[in-house]
Amino acid sequence: MFKTLASLGLATALLVGTVTATMAADAKPVKIGWAAWSDAEFVTKLAARLIETKLNQKVELVQADVAPLYQGVGRGDLDAMMMAWLPQTHADYYAKVKEKVETLGTVYDGAKLGWIVPDYIAADQIGSIEDLKKEDVQKKLSGTIQGIDPGAGLTRLSEKVEKDYGLGSYKLQISSEAGMLTTVDRAVRGGKWFVATAWSPHWIFGKHQLRYLDDPKKSLGEAEHVDILARKDFKSENPKVADFLSRMKLPIPDLEAAMFTAQQSSYDEAVDKYIADHPDQVKSWIGEEG
């Protein structure tokens, strides 16, 4: 009798261990990739906070450059990414994985790429990218366009701008978002001329008085939408999170305000403030009533 109970105890322990192991496997974190861009960082960390606190699922954030993010979602190494700029900026990256990913929704509309100058440069001196061909303008700009990451879609399109507008005498200074921002800050403080590659939404437009140069050839594209991409089968395997992400959409003014808050404090504080200030919006994303 003792041996029978002991055997049952062992069998029960093995069963419990098996169930626990299965639950642990089921509880693997949602892996979301993001690149170190201010807008991507805010929306990704906002989503992560809500998934963890409202949907009770763990999240693992994976930072990488844009190309590896697309590859990661395409291979299934990442569950999702929230920064697919389409139809033009990330067209090349998306084309390589479009059969392997699924679009969950658009996180914001009206995104824009462009080249910026400070408002203290008169528009009749530089109002269009065409004006960069003026000899005196090129001299004041030291023949330099301040760029960002080498793998960014904006960098690829900016190289196209140089060809389309015949700006071979200029150098596109490849750097990073942080490098571009440092250049802009330093130039504005000194009242110096500069042209930099930039995009909206971005908190920098809340910090400095800047404007986009006209792009008559549309080399940098027009207004775009920023989509959330997920690996194949993610929607069926984790419908709760997939449905949440498909409903998550931010107006650009709200996003830019939150990004500026993040720069003044931290992304964690900005996320807390956004959630507190937008309860109805958060409820609609989560799928709660009223």
Side-chain angles (χ1 to χ4, degrees), residues 32-44 47 62-116 129 145-167 170 172-177 180 195-202 212-232 234-235 242 245-246 248-250 252 255:
I32 304 178
W34 64 286
W37 298 352
S38 299
D39 54 325
E41 183 167 4
F42 179 77
V43 296
T44 302
V62 180
Q63 184 180 344
D65 289 335
V66 177
L69 289 180
Y70 276 89
Q71 294 165 7
V73 178
R75 287 194 305 262
D77 297 335
L78 297 173
D79 292 313
M81 60 179 284
M82 303 182 65
M83 50 176 298
W85 283 60
L86 298 168
Q88 185 168 352
T89 306
H90 290 171
D92 291 350
Y93 300 127
Y94 181 69
K96 294 175 183 178
V97 301
K98 64 181 180 180
E99 302 302 327
K100 304 174 184 177
V101 302
E102 187 173 6
T103 301
L104 296 182
T106 296
V107 70
Y108 47 89
D109 288 305
K112 176 179 172 63
L113 301 177
W115 287 11
I116 57 170
I129 293 174
I145 308 297
Q146 178 60 49
I148 58 167
D149 316 64
L154 175 55
T155 299
R156 175 178 57 81
L157 291 174
S158 292
E159 291 169 343
K160 181 176 182 292
V161 169
E162 289 186 301
K163 294 177 182 177
D164 290 351
Y165 286 88
L167 301 177
Y170 278 85
L172 179 63
Q173 187 66 50
I174 304 299
S175 177
S176 63
E177 179 188 10
M180 179 272 287
V195 174
T197 65
W199 64 94
S200 300
H202 200 293
Y212 284 107
L213 295 180
D214 290 339
D215 175 18
K217 297 181 185 293
K218 305 298 182 186
S219 299
L220 287 160
E222 300 185 74
E224 299 199 293
H225 47 88
V226 177
D227 291 349
I228 301 172
L229 301 183
R231 62 174 173 79
K232 285 288 188 183
F234 178 69
K235 193 170 184 179
L245 291 174
S246 70
M248 189 175 172
K249 190 164 187 174
L250 288 76
I252 280 187
L255 175 55

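Values in this document were obtained by computation on a predicted structure and should not be read as measured data.
- Contacts of Asp65 classified as salt bridge (charged side-chain N to carboxylate O under 4.0 Å, His left out), with partners at least two apart in sequence or in another chain: none.
- Distance CH2/Trp115 to CG/Leu157: 10.5 Å, rounded to 0.5 Å.
- Contact between Ser175 and Met180 at its shortest, heavy atoms only, is OG-N, 4.2 Å.
- Under 3.5 Å, the side chains of Asp164 and Ser219 contain a donor-acceptor pair of N or O atoms.
- Side-chain atoms of Asp227 do not come within 3.5 Å of backbone N or O of Thr103 as any donor-acceptor pair.
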Is there a side chain to side chain contact (heavy atoms under 4.5 Å, CB included) between Val73 and Val97 once you walk through the steps?
-> CA-CA 8 Å; Val73 178; Val97 301; over 6 Å; no
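- Judged by distance alone, the side chain of Glu224 and the main-chain N or O of Thr89 form a donor-acceptor pair under 3.5 Å.
- Nearest heavy atoms, Met82 versus Ala47: SD-CB, 3.6 Å.
- Looking only at atom types and distance, the side chain of Asp149 has no donor-acceptor partner in the side chain of Ser176 under 3.5 Å away.
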When you look at Thr44 and Met83, which way does the side chain to side chain contact (heavy atoms under 4.5 Å, CB included) test go after all the steps?
-> CA-CA 9 Å; Thr44 302; Met83 50 176 298; over 6 Å; no
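- With a 4.5 Å cut-off on side-chain heavy atoms, Leu69 and Tyr93 do not count as touching.
- Distance check, rounded to the nearest 0.5 Å: CG of Asp109 to NE2 of His225 gives 7.5 Å.
- Few gaps surround NZ on Lys232; more than 12 heavy atoms of other groups in view lie less than 6.0 Å from it.
- Here the straight-line distance linking atom CG of Leu229 with atom CG of Leu104 works out to 7.5 Å at 0.5 Å rounding.
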Are Thr197 and Leu172 close enough, and set up right, to give a side chain to side chain contact (heavy atoms under 4.5 Å, CB included), and what steps lead you there?
-> CA-CA 9 Å; Thr197 65; Leu172 179 63; 4.1 Å; yes
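- Panel note: side chain Ser246, backbone Gly105; no donor-acceptor pair is recorded below 3.5 Å.
- In this structure, Trp85 and Tyr108 have perpendicular ring planes: the angle between them is above 60°, well past the 30° mark.
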Any chance you could lay out the side chain to side chain contact (heavy atoms under 4.5 Å, CB included) test for Trp199 and Asp39, step after step, and finish with the verdict?
-> CA-CA 10 Å; Trp199 64 94; Asp39 54 325; 3.5 Å; yes
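- To the nearest 0.5 Å, the span separating CG on Leu213 from OH on Tyr165 amounts to 9.5 Å.
- Taking every heavy atom of both residues into account, Leu245 and Ala80 meet most closely at CD1-CB, 4.4 Å.
- Summarising the geometry of Gly114 relative to Leu220, their closest heavy-atom pair is CA-CD1, 3.7 Å, with the distance given to 0.1 Å.
- Proximity of Ile32 to Asp79: side-chain heavy atoms (C-beta onward) are nowhere separated by under 4.5 Å.
- Here the closest heavy-atom approach between residue Ser200 and residue Tyr212 is recorded as OG-OH, 2.7 Å.
- Between Gly33 and Leu78, the shortest heavy-atom distance links the atoms CA-CD1, 4.0 Å.
- If you take CD on Glu162 and CD1 on Ile145, they are separated by 7.0 Å, rounding to the nearest 0.5 Å.
- Between the Ser158 side chain and the Leu154 main chain, a donor and an acceptor come within less than 3.5 Å of each other.
- In this structure, Lys96 forms no cation-pi arrangement with Tyr70, as its terminal cationic atom is not both closer than 6.0 Å to the ring centre and no more than 45° off the ring axis.
- We find the NE2-CG distance between His202 and Leu255 to be 10.5 Å, quoted to the nearest 0.5 Å.
- Between Asp77 and Val62 there is no side-chain heavy-atom pair separated by less than 4.5 Å.
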